[in-house]
Amino acid sequence: MKNILVTGGAGFIGSNFIYYELEKHPDRRIVCLDALTYAGNLETLEKALKNKNFRFVKGDITDRKAVEALFEEESFDAVVNFAAESHVDRSIDEPEVFLKTNILGTQVLLDACRKRNIRFHQVSTDEVYGDLPLDRPDLFFTEETPIHTSSPYSASKAAADLLVTAYFRTYGAKVTISRCSNNYGPYHFPEKLIPLIIANALEGKELPVYGEGKNVRDWLYVRDHCKAIDLILENGRLGEVYNIGGHNEKTNLEVVKTVLKILGKSEDLIRFVKDRPGHDMRYAIDPTKIRNELGWYPETTFEEGIKKTTQWYLENRSWWENIMNGDYVKYYEKMYKNR
Ligand code: NAD
Ligand code: DAU
């Protein structure tokens with residue numbers, strides 16, 4: 001594969017994937033299409049923009065005309081769709097944009113790909129399976145677990161997944177889907193639990209923990225997710241779903257306390273706040289299929305990954321401070337004003 005379109009590449013996982021691909025496949029060209037919503041940050045792609053194999057295009061995946069124009073201009077071998085509204089709390093306040101971007105945007109990309117017989121990979125989430133009870137540690141999400149969504153976010157991601165599989169069956173589109181558990185690592189937007197806790201703790205601010213902090217998430221270092229997508233793109237079976245997760249289950253309170261310990265900050269910063277409506281209790285992935293079929297395994301333990309991540313936020317303070325104070329939205333102007 002020579003030319004790959006990565007949508008949503010100015011966000012957390014998409015940007016990590018772009019860096020992974022540029023490093024792993026130096027002969028590969030990556031085009032990033034991103035609308036630069038509040039979650040997109042061109043500063044994140046600063047190093048990629050210096051690479052001759054990388055091109056950034058500002059554009060919306062729901063804009064059919066713009067997407068068609070880009071597909072006419074470029075000759076893509078594959079598309080990896082990260083572009084999405086991704087924050088559960090925002091979906092509870094304002095669901096509509098989630099339906100538009102996550103469902104209709106996916107359809108626009110699917111149409112562009114199937115017409116040209118281009119390989120399409122949909123980056124989905126374990127949240128499409130709903131949640132598991134805390135008192136059944138023997139249960140895990142497999143690819144056969146029924147879709148059973150809780151939030152407008154997860155419902156929109158599930159709807160997109162169903163469209164992808166429908167395009168496979170009806171049109172023979174060349175598709176795969178991956179469903180990953182919670183990621184953490186560099187460039188994670190500080191509205192999500194781990195980066196929010198690190199940033200707030202460093203600024204001596206309160207750390208909001210929903211409910212009693214007993215909800216469990218299955219954390220995966222973002223580079224391990226990128227490696228899995230790269231493998232699926234190369235060797236995944238068309239029409240298949242692959243679950244991605246590394247058996248790193250932690251309660252939210254455990255995560256928060258771990259971060260505080262690494263930073264040497266006091267647990268007095270913790271504040272138990274009103275719970276998220278419909279809050280999923282536990283996510284836990286069974287990654288047997290991707291391990292057996294593609295040889296994937298996670299390289300980073302939670303203990304290592306959380307230390308590396310905390311260190312990254314310490315060393316890249318201006319990156320998240322620019323987000324916290326809104327400066328990052330000016331970056332696009334700064335980067336492009338002389339072009
Ligand atoms: P993010 O919110 O950090 O980034 C999303 C990116 O998509 C941003 O750069 C944003 O500008 C862009 N975008 C949004 N709407 C767009 C549109 N209409 N057109 C073009 N670009 C648009 O998200 P993330 O955490 O990096 O998640 C990426 C993908 O991975 C999402 O599809 C999400 O559902 C999925 N996922 C995330 C996690 C996680 O833990 N963060 C886990 C599993 C799956
Ligand atoms: O499982 C994959 C999903 O993980 C992805 O599909 C989503 O895009 C991604 O945002 C993430 O969803 P979560 O809702 O699990 O992530 P979030 O970081 O928002 O919250 C993690 C847990 O921490 C969750 O139980 C809610 C809780 N929480 C979150 C925030 C922001 C808090 O207790 N306090 C907070 O301030």
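First listed ligand is number 1; within each ligand, the first listed atom is number 1.
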Report yes if some N/O of [X] lies less than 3.5 Å from some N/O of ligand 1; otherwise report no.
| X | answer |
| --- | --- |
| Leu33 | no |
| Gly9 | no |
| Glu85 | no |
| Asn183 | yes |
| Lys157 | yes |
| Phe189 | no |

Any heavy atom of Thr7 under 4.0 Å from ligand 1? The part involved is neither
Nearest-neighbour protein heavy atom for [atom], which is reported as residue plus atom name and distance:
| atom | result |
| --- | --- |
| atom 12 (O) of ligand 2 | Glu127 OE2, 2.8 Å |
| atom 14 (O) of ligand 2 | Arg276 NH1, 2.6 Å |
| atom 5 (C) of ligand 2 | Tyr153 OH, 3.6 Å |
| atom 33 (O) of ligand 2 | Tyr210 N, 2.8 Å |
| atom 31 (C) of ligand 2 | Glu191 O, 3.2 Å |
| atom 2 (O) of ligand 1 | Ser86 OG, 2.7 Å |
| atom 4 (O) of ligand 2 | Asn182 ND2, 3.1 Å |
| atom 9 (O) of ligand 1 | Asp34 OD2, 2.6 Å |
| atom 4 (O) of ligand 1 | Gly11 CA, 3.4 Å |
| atom 18 (O) of ligand 2 | Leu193 N, 2.8 Å |
| atom 23 (O) of ligand 2 | Asn252 ND2, 3.3 Å |

Under 3.5 Å, sequence neighbours excluded: what are the donor-acceptor pairs made by side chains of residues 195-205?
from   : atom 1 : to     : atom 2 : distance (Å)
Asn200 : ND2    : Glu206 : O      : 3.0
Glu203 : OE1    : Lys205 : NZ     : 3.0

Heavy atoms only: which of [options] lies closest to [atom]?
| atom | options | result |
| --- | --- | --- |
| atom 39 (C) of ligand 1 | Asp63, Ile13, Asn16, Ile244 | Ile13 |
| atom 24 (C) of ligand 2 | His87, His279, Arg179, Arg282 | His279 |
| atom 34 (O) of ligand 1 | Tyr153, Trp219, Tyr38, Phe12 | Tyr153 |
| atom 8 (O) of ligand 2 | Ser86, Ala39, Ser181 | Ser86 |
| atom 17 (C) of ligand 1 | Leu42, Thr106, Leu104, Asp60 | Asp60 |

A student checking ligand 2 against Leu196 at a 4.0 Å heavy-atom cut-off should list atoms 36 (O)
Pro208 heavy atoms within 4.0 Å reach ligand 2 at atoms 32 (C), 33 (O), 34 (N), 35 (C), 36 (O)
Quick one: which ligand 1 atoms are inside 4.0 Å of a heavy atom on [X]?
| X | result |
| --- | --- |
| Ala83 | 7 (O), 20 (C), 21 (N), 22 (C) |
| Ser181 | 42 (C), 43 (C) |
| Ala10 | 9 (O) |
| Asn182 | 40 (O) |

Less than 3.5 Å between some nitrogen or oxygen of Thr125 and one of ligand 2, yes or no? yes
Margin query: Could you check whether Trp296 and Tyr242 have their ring centres less than 6.0 Å apart?
Written below: no
Taking the cut-offs as 6.0 angstrom to the six-membered ring centre and 45 degrees off its axis, would you call [X] and [Y] a cation-pi pair?
| X | Y | value |
| --- | --- | --- |
| Arg119 | Phe76 | no |
| Lys274 | Tyr210 | no |
| Arg282 | Phe141 | no |

task: Could you give me the CA-CA distance, side-chain angles and deciding distance for Asp230 and Lys24, then say whether salt bridge (Lys or Arg N to Asp or Glu O under 4.0 Å) is met?
output: CA-CA 9 Å; Asp230 184 71; Lys24 172 127 201 272; 3.1 Å; yes
4.0 Å heavy-atom contact, Ser15 with ligand 1: no
Main chain of Asp280, side chain of Asn215: is a donor-acceptor contact present, judged purely on distance under 3.5 Å? yes
